[in-house]
Amino acid sequence: MEIINRRQRMFSISRKLRREAKTVAFVPTMGALHAGHLKLVEEARQRCDILIVSIFVNPTQFNDKGDLEKYPRDLTADAAMLAEYDVDYIFAPDADEIYPAGFSTYVDVEGVTTTLEGGSRPGHFRGVATVVTILFNTVRPDLAFFGQKDAQQVAVIKRLTYDLGFETEIVVVPTVREESGLAMSSRNERLSPEEREKAAVIIDALREAKTAFKKGERNAADLAQIVKDRIATEVMANLDYVAIVDRDSLQTIEKIGDEEALILIAVKFGPVRLIDNVILNRKQ
Ligand code: PAF
């Protein structure tokens, strides 16, 4: 396993891999790896000749400077984990390798970025779309792996991949959960033990709505109400939003038909904001 810091070195390796007709899978991360990331790595490993993981805490996707500074960084620990998963290359550039002096080109995906997470984190998806574009252009992967937990991020990345003509297949991996059902996230570390236990109410609420859907409920407002009522039973939980949307366009749905839909949720426990979702009418 080689750790690459320079963009030029990553370019020349990806050029060489293309010449050798190797299949390249890519898992972009911001480090602080947990079981959710490792699941992406595990899935990716099975689908390629060469596996590349990036570790880059992307400054442009943080709308709060304090969050950027506080973001956990431990390349040595992350690299040790990735070595166990037979990763070929870690791409871990410094910020000025990705954003050189005078950097002034950003990728703005319209539509899918304006609501939900985009509403409460202005500029966040512009930063994600910009860095993913730069990373795709540098690594040139055949496949790139993302977690279903960040469903809106997935919709943004699928949109930009299609619109900008990247020849990269986006593979979405189901959410990995703690034993309680809480979706794995680096933010879980910031919960108190009690909050962490109580945060399982998020998936309980989503599952309750999904069960109602399976029993025939098609009215989105009624399904959303089931979620709200369940969240309201937990005093530590503050609901930010629950939305029922089309899986790709993220447009709000009133009555659920045959298309894939998502119930998306954001809930705050103290200052920590957690997101999760379930898929309705899953096709694959
Ligand atoms: O999901 C993440 O960890 C980040 O948003 C990503 C995709 C690595 C871009 O910085």
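We count ligands from 1, going down the list as the structure has it; atoms in each ligand are counted the same way. Everything numeric in this text was worked out from a predicted model, so none of it was measured.
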Colleague: Considering heavy atoms of the protein only, find what lies nearest to atom 3 (O) of ligand 1 and give residue, atom and distance to 0.1 Å.
Modeller: Met30 CG, 3.8 Å

Colleague: Could you identify the single nearest non-hydrogen protein atom to atom 9 (C) of ligand 1 and state the distance to 0.1 Å?
Modeller: Gln61 OE1, 3.3 Å

Colleague: Residues two or more places apart in sequence or in another chain: which of them pass side chain to side chain donor-acceptor pair (under 3.5 Å) with Tyr99?
Modeller: Asn58, Thr60

Colleague: Is it the case that the ring center of Phe91 lies less than 6.0 angstrom away from the ring center of Phe26?
Modeller: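 Judged by ring-centre distance (under 6.0 Å), Phe26 and Phe91 do not meet the cut-off.
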
Colleague: Glu42: what forms a side chain to side chain donor-acceptor pair (under 3.5 Å) with it, not counting sequence neighbours?
Modeller: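 With neighbours one apart ignored, the set is empty.
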
Colleague: On a heavy-atom basis, which atom in Asn277 and which in Ala151 lie closest, and how many Å separate them?
Modeller: ND2-CB, 3.6 Å

Colleague: Is the NZ or CZ atom of Arg45 positioned over Tyr85's six-membered ring, under 6.0 angstrom from the centre and within 45° of the axis?
Modeller: no

Colleague: Examine the proximity of ligand 1 to Ile157 and report which part, side chain or backbone, both or neither, has a heavy atom under 4.0 Å away.
Modeller: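 Ile157 to ligand 1: no contact under 4.0 Å from either part.
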
Colleague: Among all protein heavy atoms in this structure, tell me which lies nearest to atom 2 (C) of ligand 1, with the distance rounded to 0.1 Å.
Modeller: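 Looking only at protein heavy atoms, the one closest to atom 2 (C) of ligand 1 is Gln153 NE2, 3.9 Å.
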
Colleague: Numbering the atoms of ligand 1 from 1, which are under 4.0 Å from a heavy atom of Val131?
Modeller: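 The list of qualifying atoms is 9 (C), 10 (O).
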
